[in-house]
Asker: 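Starting off with a structure, shown below.
Values reported hereafter were calculated over all heavy atoms of this structure, with side chains retained and with hydrogens, waters and symmetry mates removed.
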Amino acid sequence: RRAYELARSTAHLFGGRRPVFHELDEVTFLAPVNVGDMVTFESCVLYTSEKIDPQGRATIHTEVKAHVLRPESRSVTLSNTFNFTFGLADNVDGSGGSALGSSVSLRRVLPGTYGEAYRIVE
């Protein structure tokens with residue numbers, strides 16, 4: 001739930017309109033999270049598109065990484081990577097369904113490094 005809320009907030013701040021949830025990619029747990037573990041989350045917008053969606057909707061693709069912190073051993077372990085896709089509300093006031101790519105202007109996100117580009121392809 002926290003990963004979704006962070007991804008949604010990131011999309012909202014980036015897009016300037018209420019995000020509309022489209023999908024969550026497959027979630028694979030790389031490391032367990034036990035009750036009482038300290039978990040941190042970080043998010044970013046991987047890319048945006050007005051053309052990739054089959055229905056022509058504008059989309060914002062966000063990535064959230066969850067890390068387990070273990071202060072006793074001074075270690076941090078990547079537990080999960082979540083990839084969410086959101087659209088933007090039709091209207092600036094947040095009403096309506098997902099806006100079409102032709103009706104909104106999305107800022108472009110371009111990878112700065114090979115590693116960033118690879119995260120999009122993964």
Side-chain angles (χ1 to χ4, degrees):
R1 178 178 171 196
R2 286 191 221 166
Y4 168 79
E5 291 171 353
L6 182 57
R8 188 178 187 284
S9 296
T10 301
H12 198 164
L13 289 168
F14 186 87
R17 294 186 184 194
R18 179 185 60 83
V20 177
F21 177 76
H22 285 190
E23 69 180 18
L24 167 64
D25 285 353
E26 180 181 344
V27 177
T28 304
F29 289 86
L30 304 174
V33 178
N34 299 314
V35 174
D37 278 349
M38 296 173 67
V39 181
T40 61
F41 296 89
E42 61 179 298
S43 70
C44 67
V45 174
L46 284 182
Y47 62 98
T48 60
S49 176
E50 295 92 6
K51 298 175 184 169
I52 202 169
D53 183 73
Q55 297 169 7
R57 302 174 294 187
T59 54
I60 297 175
H61 303 267
T62 61
E63 176 187 74
V64 177
K65 290 188 176 200
H67 294 90
V68 177
L69 287 85
R70 295 195 172 82
E72 300 80 15
S73 62
R74 296 183 181 171
S75 66
V76 177
T77 305
L78 177 64
S79 173
N80 293 331
T81 300
F82 303 90
N83 289 291
F84 293 90
T85 302
F86 293 93
L88 295 174
D90 261 331
N91 305 306
V92 177
D93 67 359
S95 63
S98 290
L100 295 176
S102 58
S103 65
V104 295
S105 177
L106 283 175
R107 290 183 287 164
R108 283 277 173 237
V109 177
L110 298 173
T113 65
Y114 176 79
E116 289 176 359
Y118 184 73
R119 286 169 39 201
I120 294 170
V121 177
E122 264 186 332

Asker: First locate atom OG of S79, then atom CG of D37, and finally report the distance between them rounded to the nearest 0.5 Å.
Answerer: 8.5 Å
Asker: Does any part of the side chain of T62, heavy atoms only, come nearer than 4.5 Å to the side chain of S43, both counted from C-beta?
Answerer: no
Asker: Minimum heavy-atom separation for L106 and S49, please, with both atom names.
Answerer: CD1-O, 3.7 Å
Asker: Same hydrophobic cluster for L13 and I60, using side-chain heavy-atom links shorter than 4.5 Å among ILVMFWY?
Answerer: no
Asker: Flag yes if V64 and V39 sit in one hydrophobic cluster, no otherwise; membership is Ile, Leu, Val, Met, Phe, Trp, Tyr, and two members link when side-chain heavy atoms are under 4.5 Å apart.
Answerer: yes
Asker: Would you kindly confirm whether F29 and Y4 end up in one hydrophobic cluster when ILVMFWY residues are joined by side chain heavy atoms under 4.5 Å apart?
Answerer: yes
Asker: Heavy atoms only: give me the nearest S95-A89 pair and the separation to one decimal.
Answerer: O-CB, 3.8 Å
Asker: Could you grab the distance from atom CZ of R108 to atom OH of Y47, nearest 0.5 Å is fine?
Answerer: 11.5 Å
Asker: Does any non-hydrogen side-chain atom of T40 lie less than 4.5 Å from one of E42?
Answerer: no
Asker: Is there side-chain contact between F21 and R8, with at least one heavy-atom pair below 4.5 Å?
Answerer: no
Asker: Would you find a donor on one side and an acceptor on the other, under 3.5 Å apart, between the side chain of N80 and the backbone of F82?
Answerer: no
Asker: What's the spacing between F84 CZ and E63 CD if we round to 0.5 Å?
Answerer: 11.0 Å
Asker: If you take all heavy atoms of A58 and V104, which pair is closest and at what distance?
Answerer: CB-CG2, 3.4 Å
Asker: Does R107 count as lying over the ring of F14, i.e. NZ or CZ under 6.0 Å from the six-ring centre, within 45 degrees of the axis?
Answerer: yes
Asker: Are there more than 12 heavy atoms of other residues, nucleotides or ligands under 6.0 Å from atom CZ of R2?
Answerer: no
Asker: Can you tell me how far the NE2 atom of H67 sits from the CG atom of L30, to the nearest 0.5 Å?
Answerer: 10.0 Å
Asker: Please confirm whether the backbone N or O of L88 pairs with a side-chain atom of R17, one donor and one acceptor, at under 3.5 Å?
Answerer: no
Asker: What are the two closest non-hydrogen atoms of R70 and P32, and how far apart are they?
Answerer: NH2-O, 3.7 Å
Asker: Using only atom types and a distance under 3.5 Å, with no angle test, would you say the side chain of R18 pairs donor to acceptor with the backbone of N91?
Answerer: no
Asker: Identify the two heavy atoms, one from A99 and one from D90, that lie closest to each other, and give their separation to 0.1 Å.
Answerer: CA-OD1, 3.1 Å
Asker: Is it true that H22 and T59 share a donor-acceptor pair across their side chains at a distance under 3.5 Å?
Answerer: no
Asker: Could you state the interatomic distance from CD (E26) to OG1 (T81), rounded to the nearest 0.5 Å?
Answerer: 12.5 Å
Asker: Just wondering, do L46 and V109 contact through their side chains at under 4.5 Å, heavy atoms?
Answerer: no
